[in-house]
Amino acid sequence: MAFSFCKSFGKDKVIFATKEDHAVPSKIELPPPEAPQGLISKNGDINWSCPCLGGMATGPCGVDFREAFSCFHYSEAEPKGSDCYEAFRQMQDCFQQYPTVYNKANGADDDDDALGDVMNADNNGGSVKDVDELSSGAGAAAAVANNTTVSKVE
Amino acid sequence: MSIWSVRCLCHKFCRQAHILAHRRVISPPTKTAQRLQLALLNSGSARQAHNSLYQMVKKRTLEARTKLQANKYPNHNACMRVPKAVEFVPEVDDEVAQSSVTKLHHSSEVQAQHGQSYNTFQDPHFRLGYADTRSHSTAQDVLKSSQCEKPSEPVSKDVCKETPVDPCEEFNRLRRETAAEMFGSGGDCAGGAGGGGGGDDDKKAAEERYKQLKLKCLVGALGALLAGGFIAWLLSRDSKKTIVDESGEIIDNSEEALKRAKISGLITTPRSSDKLPSSVPYLIIGGGTAAFSAFRAIKSNDARAKVLMISNEFRKPYMRPPLSKELWYTPNPNEDPIKDYRFKQWTGSERSLYFEPEEFFVDPEKLESSANGGIAVAQGFAVKKVDAQNRIVTLNDGYQIGYEVCLIATGAQPKNLPVFRNAPPSVREKVMVYRTPEDFDRLRRYAREKRSITIVGNGFVGSELACSLAHYSKENGGGRVYQVFQEKGNMSKVLPNYLSNWTTRKMEAQGVCVIPDASIKSANRDDTQLRLELNNGMTLLSDIVVVCVGCTPNTSMAGPSKLEVDRSLGGFVVNAELEARRNLYVAGDASCFYDPLLGRRRVEHHDHSVVSGRLAGENMTGAKKPYQHQSMFWSDLGPEIGYEGIGLVDSSLPTVGVFALPSDGDKRADTHNEVSADSKTTDTVIKEGSTGADVTCDPNEEANYGKGVIFYLKNDKIVGILLWNLFNRIGLARTIINQNKTYDDLNEVAKLFEIHT
């Protein structure tokens, strides 16, 4: 058995731990990590602050996006969202007015960028190593819409 | 019909999600729903969730990192290469100088700003220390003793150019050789050398003056010619622009010309302050990261919010971290100043420095009438005063804007050193600070021309920049990079001594000529270069000096506004909800806030600007939330060092570091399997004579601090965590800090971080 060992530089201690030592599970029990904000809050409302929206709700078409997405989220129609045509059309019209803001999702190169940002923002449990959190990405809408569909399907 | 359209949209969305699923997530395809649920809502309550997240992200992270870094850092030779003696054509230099002057002018106004900064742990001592040249450093003694033996002349020339011996190598060799001597005769020798050096200096100075006079005449004449031409060109360009703009004619490049004028600070946006609304619901003073983050939060909670941002920069909000990192590694950089500063992220994708493109923003003149609100940025305006009682902000030109709720996010500005501040203009034009894209452009011009660059300071910006420049210089085939600071190692305010020293060695291996234990005694202008006399006897010839010695928060409006500024930490004093007064908040670098967990703090980091800006924005829309989400920071220093931290990561605290020992290595010494957290027994002995520590460290020089976790303790509680070459574990670190607990066995805590994976 290999041993871990320990050194000391005054107030600074150093432990060199072997893989074997750390293979034994830790005895420390931690509470669950800070729950990151999800897209849908516990009461079923949409959380417009969710980083997963990648700035969709705050952009120049934020209001249109909210209307379309709310309509879709609360839609009782069958199939879901079929009563939201008008809202989605308005949103699309708005998107077209701001190609440099919303075009990201259409270009083949960039679309995975925005989605990636969404993923990163959430995977890190709210910690954002990416400087990206503050940037929008139209692709977020995709993830959002899909997620809603999926959870409703279940 | 309608159903079909919605379906189309959904289909499009699904396609996106498909891409997402396939490119990013590695998990069984059958559990699509669950997976997305996890990814998006991230319930993550169990360790299981932790694990799968790690697995998922780790692979990508590692791949991206190794790929990027393999490309980025091809060469690991230490300061070994004999630099090419580069002859500079005076005209070229003049041009640089010329543009430097204008740039300096410009940037000194602009750089007063916003957003994150890396130098969290700055205190006044740092700066004061530089003013005071006589520190008892080993390097000083070493170099002085070397001066005793040799006439001072060769020392005062650029060792890089004149001698085949690399100054860094030489320096290190001398240091090693005289390591023993230092204790005994060092002081004596240093004194003698000091006197001799003084006499020599006088003679030299006289010679220098004469030479300079002669040169000045020549250069002056030439410079006048060039300057005249340049100014004429500028004026003609400017007037053309103005004409174009005012007459509203559409000439080919009018839009571009306008954009250039705006960015170069020639005109404000809007043209005059009376075009700004006289009152707005949300007013943000400052245009950096915290300001933009606050806007996001406001608009998320108030869909039709009208937000006016007043920035004294001439740019739209942008992020700063890449300025000292990624931008230097981006190949084929676009030289155009109106470019959007694109760079490759660590994930491999490309993006701009700007948070959002120009189109995202509302014209300030149209903000009031816009139906859906939005954000307008008044660029190039400064605020003199905030009247919190009457909710009125006064601009520098006297224009007043009423608000309902206001955020101060004025950021910080880089400090300079007295030795440069009090220097003649000819010296000052070769000295810069580093905070803005203009600074980046300027420094890259020097780097591209293979100039020798000296960085002063050992903090985040200085150390990252030194690494980035060393890399750039390697790619570019020239230009020496010196890093001078009076501490013993890089990042010494953050990293414990042993790690700081280790880091310095790694940086040297990357080609940075690190000169620790040294401060700048004087700076003189040579024909083309600056001559820096260090207090250790060394002389550096450098084309540009970049001062990276921390920031001071921009609180000049505190006096007229009758707001409190923290005496020791600086920054506007606010409560845990970031509120200075009713309906007046402060976020980012300029905010000295009360952290309910860790006490009163002021933090200068990008993520803190994001976090505090968001919190302020939420509270501006009525959330009434205290600061409870700890911000983090990160830094990268070349191919072998990347770290993230959270909490109080302050090297003056006792620390316990747990590093991964490669299992195949046969290193075993003591059988201390456990470490008791009795670290408050402060053995100041080693701290005092840290040269002693170095010596005892020598047998274990090869100790590999490749990967690990470092706990920073206060009253035996974990108050800070540094993740050394470990990524995607900051959430776990945050959880541990929030416990605010004492742990008997920190090795057990370290196990949670899976440092061997």
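Chain identifiers are assigned alphabetically (A, B, ...) following the order of the sequence lines, protein sequences preceding nucleic acid strands; residue numbering begins at 1 within each chain.
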> Is it the backbone or the side chain of A:Glu67 that comes under 4.5 Å from a heavy atom of chain B, or both, or neither?
Replying inline: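 Interface part for A:Glu67: side chain.
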> Heavy-atom distance under 4.5 Å to chain B: side chain of A:Gln97, backbone, both or neither?
Replying inline: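 For A:Gln97, backbone heavy atoms alone lie under 4.5 Å from chain B.
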Is any side-chain heavy atom of [X] less than 4.5 Å from a side-chain heavy atom of [Y]?
X        : Y        : value
B:Leu661 : A:Lys19  : no
B:Phe659 : A:Val14  : yes
A:Asp21  : B:Asn747 : yes
A:Val24  : B:Lys751 : yes
B:Glu359 : A:Pro99  : yes
A:Phe9   : B:Pro496 : no
B:Arg304 : A:Val63  : yes

Separation of [Y] [atom2] from [X] [atom1] (nearest 0.5 Å):
X        : Y        : atom1 : atom2 : value
A:Ile15  : B:Ile710 : CD1   : CD1   : 11.5 Å
B:Gln739 : A:Leu30  : CD    : CG    : 5.5 Å
A:His22  : B:Phe753 : NE2   : CZ    : 11.0 Å
A:Thr58  : B:Asp302 : OG1   : CG    : 12.5 Å
A:Arg66  : B:Asn372 : CZ    : CG    : 10.5 Å
A:Leu53  : B:Ser300 : CG    : OG    : 8.0 Å

> In terms of heavy-atom pairs under 4.5 Å, which option from A:Pro25, A:Ser49, A:Ala23, A:Ala57 contacts chain B the most?
Replying inline: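 Maximum pair count with chain B is reached by A:Ser49.
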> A:Pro32 and B:Thr735: which non-hydrogen atoms are nearest, and at how many Å?
Replying inline: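 Shortest heavy-atom contact: O-CG2, 4.4 Å.
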> What are the two closest heavy atoms between A:Asp12 and B:Pro654, and how far apart are they?
Replying inline: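 Answer, listing the atom of A:Asp12 first, then B:Pro654: OD1-C, 4.3 Å.
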Quick check on [X] against chain A: is it the side chain, the backbone, both or neither that has a heavy atom closer than 4.5 Å?
X        : result
B:Ser651 : backbone
B:Ile646 : neither
B:Ala303 : both
B:Ala750 : both

> Ring centroid separation for A:Phe16 and B:Tyr705, is it under 6.0 angstrom?
Replying inline: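 Yes - the distance between ring centres of A:Phe16 and B:Tyr705 falls below the 6.0 Å cut-off.
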